[in-house]
Amino acid sequence: MNTNLENINRNKIGISSSTLHIIAMALMLCDHLCMTLLGNQMWLHYIGRIAYPIFAFMLVEGFRHTSNIKKYLLRMLVFALISEIPFDLMCGGTWLFPTQQNVMFTFIISMLLMLLMEQPKKIKNKTVKLIVFAITSIFALILGFLIGTITMVDYFGGGIVMVLCFYLFQEDRILSFEVNLNDSKRRMLVVIINRIAQAFCVWQICNEMIGGLCANITVFGKTYEVVVESFGILALIPIWLYNGKKGINSKAFKYICYAFYPAHILILVILQRIIFWAFTVY
């Protein structure tokens, strides 16, 4: 990580990592409320589409800054296994729903592919390093899409590709190619290029790779049909306001963020079953 860029980020006013996590969790809760208790409130599903790109971005940040990648992966695997039954009950109404796995598995596959993409950093020759990195990145993107589609993890192959795109398009990665950090014009150009690339990738992945339901949106009296997943592009607003700071920095908060995923799904499923039972009986 470029030290100068880290110093720049620390001085920025914006949203911290913990705030981004809280925003993403709140949006995910909205989406899952629509899937369980409030199925007629489709607006909850629409705004829920904003959650995944934020989580994808934060996964990359966590990957880059973790001090122990093995523990990070193990922690993710533990919560993936814990989350699977609640996730299956929510999505399939059964204890075992093999046609879709929870999002933690999406993140595990993404992390393993990011580890693969890290390998060219060990090469000393800059030209060779760039060539090998480009080849490795293309291979990882294709492999990620195939694995995600075959294993049927949440958001499928498109979800993995989105994580890898956030990994690829980082300001400091572009700045590492001998861009003078003291030149504000060049730094601004890098930021613009980076954000255009992110916006293009998120929009294309949401619309073309993930796709799904369409909705009719009326603007100034004219109705447009849009892919619901495309609302995910709005995630770039809080992502671009990210200031590189942790915010709440405690183990308790970290584990609350992990536990929130299976816990809130399980609570919603239980409430859904209770309400269904109550209406059936009475």
Side-chain angles (χ1 to χ4, degrees), residues 1-21 23-24 50 52-66 110-111 113-142 144 158 160-209 230 232-247:
M1 176 72 161
N2 193 298
T3 305
N4 292 329
L5 186 66
E6 279 193 331
N7 292 332
I8 291 169
N9 283 335
R10 289 195 188 101
N11 294 325
K12 286 167 62 178
I13 298 172
I15 297 175
S16 67
S17 170
S18 59
T19 303
L20 272 177
H21 274 105
I23 291 171
I50 303 171
Y52 182 77
I54 298 176
F55 281 123
F57 174 80
M58 294 313 300
L59 179 72
V60 174
E61 285 296 295
F63 176 83
R64 294 171 61 216
H65 294 101
T66 184
S110 301
M111 287 175 67
L113 290 170
M114 284 191 286
L115 275 173
L116 174 65
M117 294 164 73
E118 287 278 295
Q119 299 312 304
K121 286 185 176 181
K122 300 175 183 178
I123 300 172
K124 293 182 179 180
N125 185 287
K126 290 182 179 180
T127 304
V128 175
K129 181 192 292 188
L130 182 58
I131 293 171
V132 174
F133 177 74
I135 294 171
T136 305
S137 298
I138 293 170
F139 174 74
L141 288 166
I142 296 171
I160 295 173
V161 171
M162 186 180 293
V163 174
L164 299 184
C165 284
F166 276 122
Y167 173 83
L168 284 170
F169 297 111
Q170 304 164 36
E171 290 174 24
D172 58 303
R173 179 177 299 287
I174 302 172
L175 289 169
S176 67
F177 294 114
E178 303 299 327
V179 176
N180 184 0
L181 276 171
N182 297 318
D183 188 331
S184 59
K185 289 183 179 180
R186 290 187 181 183
R187 191 163 60 242
M188 181 58 68
L189 178 61
V190 166
V191 171
I192 292 171
I193 293 172
N194 177 68
R195 293 187 175 180
I196 290 173
Q198 286 183 349
F200 176 79
C201 289
V202 171
W203 180 260
Q204 287 297 116
I205 291 166
C206 287
N207 280 277
E208 302 299 332
M209 290 188 177
S230 65
I233 194 72
L234 298 176
L236 293 176
I237 297 172
I239 287 172
W240 289 346
L241 291 173
Y242 175 57
N243 59 15
K245 298 178 182 179
K246 285 187 176 181

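Residue numbers run from 1 in the order of the sequence given. Owing to the predicted nature of the structure, the values given are computational and were not obtained by experimental measurement.
- Annotation: side chain of Leu116 is in contact with side chain of Phe139 (closest heavy-atom distance under 4.5 Å).
- The side-chain contact (heavy atoms from CB on, under 4.5 Å) test with Ile23 singles out one residue from Ile239, Ile50, Ile54, and that residue is Ile54.
- Put simply, the side chain of Asn207 gets close to the backbone of Trp203: a donor and an acceptor are under 3.5 Å apart.
- Of the inter-residue distances, the one linking Leu241 atom CG with Ile15 atom CD1 reads 4.5 Å to the nearest 0.5 angstrom.
- Qualifying side-chain hydrogen bond (donor to acceptor under 3.5 Å, both in side chains) partners for Gln204, counting only residues two or more places apart in sequence or in other chains: none.
- In this structure the side chain of Tyr242 never reaches within 4.5 angstrom of the side chain of Thr19, judged on heavy atoms.
- Of all heavy-atom pairs between Ser230 and Cys206, the closest is CA-CB, 4.0 Å.
- Taking all atoms of both residues into account, the shortest heavy-atom contact from Arg64 to Gln170 is NE-OE1, 2.8 Å.
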Would Leu141 and Leu113 count as a side chain to side chain contact (heavy atoms under 4.5 Å, CB included) here? Give the steps.
CA-CA 8 Å; Leu141 288 166; Leu113 290 170; over 6 Å; no
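- The backbone N or O of Val132 sits less than 3.5 Å from a side-chain atom of Thr136, completing a donor-acceptor pair.
- For the atom pair CG of Leu115 and OG of Ser110, the computed distance is 11.5 Å after rounding to the nearest 0.5 Å.
- When atom types are taken as modelled, the side chain of Ser137 and the backbone of Phe133 share a donor-acceptor pair closer than 3.5 angstrom.
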Begin from the C-alpha positions of Glu61 and Tyr167 and carry the test side-chain hydrogen bond (donor to acceptor under 3.5 Å, both in side chains) through to its verdict.
CA-CA 8 Å; Glu61 285 296 295; Tyr167 173 83; over 6 Å; no
Show your reasoning for whether side chain to side chain contact (heavy atoms under 4.5 Å, CB included) applies to Met209 and Met162.
CA-CA 10 Å; Met209 290 188 177; Met162 186 180 293; over 6 Å; no
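- With rounding to the nearest 0.5 angstrom, the NZ atom of Lys245 is 11.5 Å from the OG atom of Ser18.
- In this structure, Ile160 CD1 and Met114 CE are separated by 10.5 Å, a value rounded to the nearest 0.5 Å.
- Between the NE2 atom in His21 and the CE atom in Met58 there is a gap of 4.5 Å [rounded to 0.5 Å].
- By the 4.5 Å heavy-atom criterion applied to side chains, Ser16 and Asn243 are counted as neighbours.
- Counting non-hydrogen atoms of other residues, nucleotides and ligands closer than 6.0 Å to NZ of Lys246 gives a total of 12 or fewer.
- Once rounded to the nearest 0.5 Å, the distance linking CD1 of Ile135 with CD1 of Ile138 reads 7.5 Å.
- At least one donor-acceptor pair closer than 3.5 Å links the side chain of Gln198 to the backbone N or O of Phe169.
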Under the criterion side chain to side chain contact (heavy atoms under 4.5 Å, CB included), I'd like the reasoning laid out for Ile205 against Cys165: C-alpha separation, chi angles, the key distance, then a yes or no.
CA-CA 10 Å; Ile205 291 166; Cys165 284; 4.1 Å; yes
